[in-house]
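Data block below; observations after.
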Protein chains: 2
Amino acid sequence: MSAVQGNGKQVGIKAVAKLAGTSPATVSRVLGGNATVRPDLVARVMDAVKQLNYAPNPAGRNLRVGGSRTVGMVVPDIENQFYTSVLNGADEVLADAGYTLILAHYGENPERERMHLARLRAENAAGVIFAPSRKLSDEYSRMREAGMPLVAVSRRPHGLDVDQVTVAERKGTREAVRYLLQLGHKRVGMVSASLDTSTARERKAGFVEAFSSDGAACRPELVICAQFHSVGGYHTGGYQAMQRMLALPERPTAVFVGSNNLTLGALQAIHESGIEIPSGIAVVGFDDMPWAASLRPALSVVAQPGREMGAAAARLLLRRIASPECATREEVLDTRFVVRESCG
Amino acid sequence: MSAVQGNGKQVGIKAVAKLAGTSPATVSRVLGGNATVRPDLVARVMDAVKQLNYAPNPAGRNLRVGGSRTVGMVVPDIENQFYTSVLNGADEVLADAGYTLILAHYGENPERERMHLARLRAENAAGVIFAPSRKLSDEYSRMREAGMPLVAVSRRPHGLDVDQVTVAERKGTREAVRYLLQLGHKRVGMVSASLDTSTARERKAGFVEAFSSDGAACRPELVICAQFHSVGGYHTGGYQAMQRMLALPERPTAVFVGSNNLTLGALQAIHESGIEIPSGIAVVGFDDMPWAASLRPALSVVAQPGREMGAAAARLLLRRIASPECATREEVLDTRFVVRESCG
DNA sequence: CTGAAAGCGCTAACAA
DNA sequence: TTGTTAGCGCTTTCAG
């Protein structure tokens, strides 16, 4: 299939060597770049390479050196723009470093995640960047023990000592909720993702903390967790959770929606109820999706730097590939509170 | 790295064979599944596999059989939800068939696209699904000649005879624009992506055709092409194009936005102008993004079945991998016109 | 600085 | 049905 001449035979390193009048070893040295070869030989080899349009077959190399130049990117939901921008950020720095990204998309399905991990391990991936599913697969610790470079992104893997890049979500949501409180809201609620990810827990913690410094009390019944639905996914979850929130005897005058994939559903529920935003209910969301500014009223959000998170994760991974034994590091990026119209 | 025992040595097929008291060849046969092996031997092998937590190293296999079980997915923009759902659809069927997806995201940058293609060729990818950049790279024809299974998705690759899955965009936009015309609009405009992709051209053609059956004339000055901006990307492009549209001496009373990544920017321009939708200007967009229903007014769109397109592309690819010589096929899926509030 | 040769893990041809 | 053997393309000793 690859690097085929007219006659259909693979052009391999031997063909190049023959054309250049040298040995495969020398060709390898030239292409590897980290050995000293006589300049004229280098030139001859390069010529031959170009002439034959030769590209080394990674399978050969991988087999020989026992490692590959691919990194796995394990994401729960590829249709979520947040992960997509993380992916983009990581791809940029990894591609520049000569690595290929393998997409391991598991759709919040732990089975599938496990399958992907097993494959990445078998494939001898150079490393893995991952946002783990709700229940941490023990594949991860097995990979760690086997020495595979791992870096967690966004979701913190409970009990696993690996490099991570996260975001100061607790602080971010605390600030946003405080802002709501300072606006004079007495009853502010939260629509949360289910609390089995670190992100959801952190955001909830931030929500609770926001009240401590203030006179207002945090009422536990005002945080409602959305369920993931097999049909309709998170959208339906956000929708139903918000419906429940609005049906409360004394409904809140402000609500914090703790996950981007709950937001649209939650907003739909509000719209259908006929309650106005922000006069009837103020809303703050999480993640500055491209459409947030185009909603009416425009949505205030706690923004996460997705691209930067991906890039940081990639750099952390590269660092670990280079020096597998260094101490693990956690990088915590800041959120940004973007005030628009939806919180009044 | 992979499949490592406590002692740190790779567990390979030989180790399994030894533990099972048989030969590597038999292990291979058992795992391959397409050979007859004595049942008790099968059992012993399976036991050993499980015991050692063995997973075959694809590099060895790839080298031996001269092909891999990876397929490249070449997309212009991973942060565009349309491609993301295509990806998702393809991933589902490919993963089930035992293939790994390699992400080749080129960010509308032909250089990067070329780089990815070269790598996929070198890696001996089993096949490639692609939405090509505006100017078709000749890498594609080279790959085709080399016999690599290729299937184009969404964007039609000009002059390249490969399997494709596209959408009846011309018909779809024609119907949508006719709907606008039947509503009594006399001046309807179009904000189009630049005409160097087949998709943009088809949509424009559909736009023009819509007028033919009607008394109304299509005024060429009413279709405005957006530019891609290095900062702000398509968003800025859509914004500026719509600004120009609204600044026209006699501005249209309805507008068709021909690409999802232009929509948000275009809407922003309308909002800033203070013109009301749909009373001041009716709007129809392309692609039913998750947020379309949450805008106010809710956006009417011509919806493409992204997931299905990806799945269809994957099936076409699988078919070609199985029988490389069969005649190329084009699969054309239907769009669906989703009428919401933005067109009155 | 260069070439010959071995071998990475796997499968397919061949022999038993 | 099973085992033995060769070799995929590459890199890396090891001699020269």
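Chain naming here is simple, since letters A, B, ... match the order of the sequence lines and numbering starts at 1 in each.
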Checking salt bridge (Lys or Arg N to Asp or Glu O under 4.0 Å) for the pair B:R155/B:E113: CA distance, chi angles, key distance, verdict? CA-CA 15 Å; B:R155 297 182 179 177; B:E113 181 188 24; over 6 Å; no
Do A:R320 and A:D163 meet the salt-bridge criterion of a basic N to acidic O distance under 4.0 Å? yes
Check the phosphate of D:dT2 against B:S23, side-chain N and O only, distance under 4.0 Å to OP1 or OP2. Yes or no? no
Show me, pair by pair, the donor-acceptor contacts under 3.5 angstrom made by side chains of residues 141-154 of chain B, not counting sequence neighbours?
| unit_1 | atom_1 | unit_2 | atom_2 | d |
| --- | --- | --- | --- | --- |
| B:S141 | OG | B:D138 | O | 3.0 |
| B:R144 | NH1 | B:D161 | O | 2.6 |

Rounded to whole Å, how long is the line connecting atom NZ of A:K18 with atom P of C:dT2? 21 Å
A:R315/A:E331 salt bridge by N-O under 4.0 Å criterion: no
Euclidean distance, atom NZ of residue A:K14 to atom P of C:dG3 [Å, nearest integer]: 16 Å
If the threshold is 4.0 Å, N to carboxylate O, is there a salt bridge linking A:E92 and B:R112? no
What integer distance in Å separates B:N62:CG from D:dC10:P? 13 Å
Distance, rounded to the nearest Å, where B:R44 contributes CZ and D:dG3 contributes C1': 14 Å
State which of D:dG9, D:dT2, D:dG3 makes the closest approach to the side chain of B:L63. D:dG9
Spacing of A:N57 atom CG relative to C:dC10 atom C1', expressed in whole Å: 14 Å
Looking at D:dC8, D:dT2, C:dC1, which one has an atom nearest to any side-chain atom of B:R38? D:dT2
Whole Å only: how far is the CG atom of A:L52 from the C1' atom of D:dG9? 15 Å
Quick one: is D:dG3 close enough that its OP1 or OP2 comes under 4.0 Å of any side-chain N or O from B:T22? yes
Do B:T100 and B:R69 have side-chain N/O donor and acceptor atoms under 3.5 Å apart? no
How does protein contact run along nucleotides 11-16 of chain C, one letter per nucleotide 5' to 3', with B for base contact, S for sugar-phosphate only, - for none, heavy atoms under 4.0 Å? BBB---
